[in-house]
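Here is the structure we will look at, set down as structure tokens.
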Amino acid sequence: MPVDQRHALTELVCRSCMTLDDRAFGAYLELCDPAYRYRITAYSPEIRKEMTWLEHDKPGMQTLFTNLPRHNSDQSPLTRHVTVYTVDQDDAKGRARVVSALQVFKTTLDGGATELYAVGKIEDDIALTDAGPKLLDRNVRLQTRMLGIGYHIPF
């Protein structure tokens, strides 16, 4: 894989996290293919099952973002730190699979203390289009299962 292509895919993943950090939801959706699908999942050893906590297509994400002001949620800013682990490109399908580590930090509005809020991995399928790479499918696979109350913004 050419270095430029890996760089473009890494930048797409990082930019998607930055737009969510900035609550620039329109800019986030512009990074997504029309067939985009988003999920937050986790494995629970207590019940020995996979859990899906959130699942939306692109119109569902738009509705989620539109309705955010109506939710009573924790307004503490989140900062996502992502590290791209692997990039596997399939030229025949015009797609790439990117696996990244994710750490999410929360800074409280009252006092400004920052704490690690969640950890996991982001598994992205990316469409390689003539207009550049676009997010096609994202699974945020969390290790953290105790998130407390009050967040409706995707990781």
Side-chain angles (χ1 to χ4, degrees), residues 1-42 52-89 94-110 112-145 147-155:
M1 172 185 313
V3 173
D4 289 346
Q5 184 68 16
R6 183 180 172 94
H7 179 74
L9 296 170
T10 300
E11 185 170 317
L12 174 66
V13 172
C14 293
R15 188 172 302 279
S16 69
C17 291
M18 288 175 30
T19 57
L20 290 174
D21 287 353
D22 295 339
R23 296 178 179 230
F25 304 122
Y28 176 81
L29 291 173
E30 288 177 13
L31 302 174
C32 303
D33 187 86
Y36 181 62
R37 189 170 156 230
Y38 178 91
R39 287 167 285 136
I40 297 177
T41 62
T52 301
W53 290 348
L54 182 70
E55 185 171 18
H56 283 296
D57 56 10
K58 190 172 182 178
M61 293 294 283
Q62 176 65 55
T63 301
L64 175 71
F65 294 142
T66 300
N67 290 334
L68 279 175
R70 297 179 183 163
H71 290 283
N72 183 15
S73 5
D74 187 343
Q75 297 298 313
S76 300
L78 297 178
T79 303
R80 294 149 185 86
H81 178 82
V82 66
T83 303
V84 172
Y85 281 165
T86 61
V87 177
D88 296 309
Q89 186 170 332
R95 292 188 179 182
R97 176 129 177 107
V98 178
V99 177
S100 309
L102 173 69
Q103 297 90 42
V104 181
F105 298 90
K106 179 170 90 173
T107 301
T108 61
L109 291 175
D110 182 19
T114 299
E115 64 184 22
L116 181 60
Y117 183 63
V119 296
K121 288 183 183 167
I122 298 175
E123 302 165 347
D124 283 314
D125 287 331
I126 297 173
L128 305 174
T129 69
D130 291 337
K134 294 283 186 184
L135 294 170
L136 187 59
D137 185 274
R138 171 168 282 182
N139 182 16
V140 178
R141 186 157 179 74
L142 292 178
Q143 290 292 318
T144 303
R145 297 186 313 281
L147 296 175
I149 60 167
Y151 270 97
H152 297 90
I153 299 174
F155 294 126

Quick one: are [X] and [Y] in side-chain contact, heavy atoms under 4.5 Å?
X: Arg138; Y: Val13; result: yes
X: Leu64; Y: Pro154; result: yes
X: His56; Y: Thr63; result: no
X: Trp53; Y: Val140; result: no
X: Gln5; Y: Leu128; result: yes

Crowding at CZ, Arg95 (>12 non-hydrogen neighbours, <6.0 Å):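 No.
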Arg39 atom CZ, over 12 foreign heavy atoms within 6.0 Å: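 Atom CZ in Arg39 is packed in, count exceeds 12.
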Basic-acidic side-chain contact under 4.0 Å: [X], [Y]:
X: Asp88; Y: Arg97; value: no
X: Glu55; Y: Arg37; value: yes
X: Asp33; Y: Lys58; value: no

Derivation and outcome, side-chain contact (heavy atoms from CB on, under 4.5 Å), residues Leu142 and Leu147: CA-CA 10 Å; Leu142 292 178; Leu147 296 175; 4.1 Å; yes
N/O donor-acceptor pair under 3.5 Å between Thr108 side chain and Ala113 backbone: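 Side chain of Thr108 to backbone of Ala113: a pair is present.
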For [X] and [Y], work out which heavy atoms get closest and say how close.
X: Lys106; Y: Ser76; answer: CG-CB, 3.8 Å
X: Thr86; Y: Arg6; answer: C-NH1, 4.4 Å
X: Glu30; Y: Lys134; answer: O-NZ, 2.7 Å
X: Leu9; Y: Pro133; answer: CD2-CB, 3.7 Å

Aromatic plane relationship, Phe65 with Phe25 - under 30° parallel, 30 to 60° tilted, over 60° perpendicular: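 Rings of Phe25 and Phe65: parallel, under 30°.
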Worked check of side-chain contact (heavy atoms from CB on, under 4.5 Å) between Phe155 and Leu78: CA-CA 9 Å; Phe155 294 126; Leu78 297 178; 4.1 Å; yes
To the nearest 0.5 Å, how far apart are [atom1] in [X] and [atom2] in [Y]?
X: Tyr117; Y: Arg80; atom1: OH; atom2: CZ; answer: 10.5 Å
X: Asp137; Y: Tyr38; atom1: CG; atom2: OH; answer: 11.5 Å
X: Tyr28; Y: Met61; atom1: OH; atom2: CE; answer: 4.5 Å
X: Asp124; Y: Ser16; atom1: CG; atom2: OG; answer: 6.5 Å
X: Glu115; Y: Thr107; atom1: CD; atom2: OG1; answer: 9.0 Å
X: Gln103; Y: Thr79; atom1: CD; atom2: OG1; answer: 12.0 Å

Step-by-step side-chain contact (heavy atoms from CB on, under 4.5 Å) determination, Arg23 to Leu68: CA-CA 10 Å; Arg23 296 178 179 230; Leu68 279 175; 5.8 Å; no
Ile126: which of Leu12, Leu136, Val87 passes side-chain contact (heavy atoms from CB on, under 4.5 Å):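 For Ile126, the side-chain contact (heavy atoms from CB on, under 4.5 Å) check succeeds only for Leu12.
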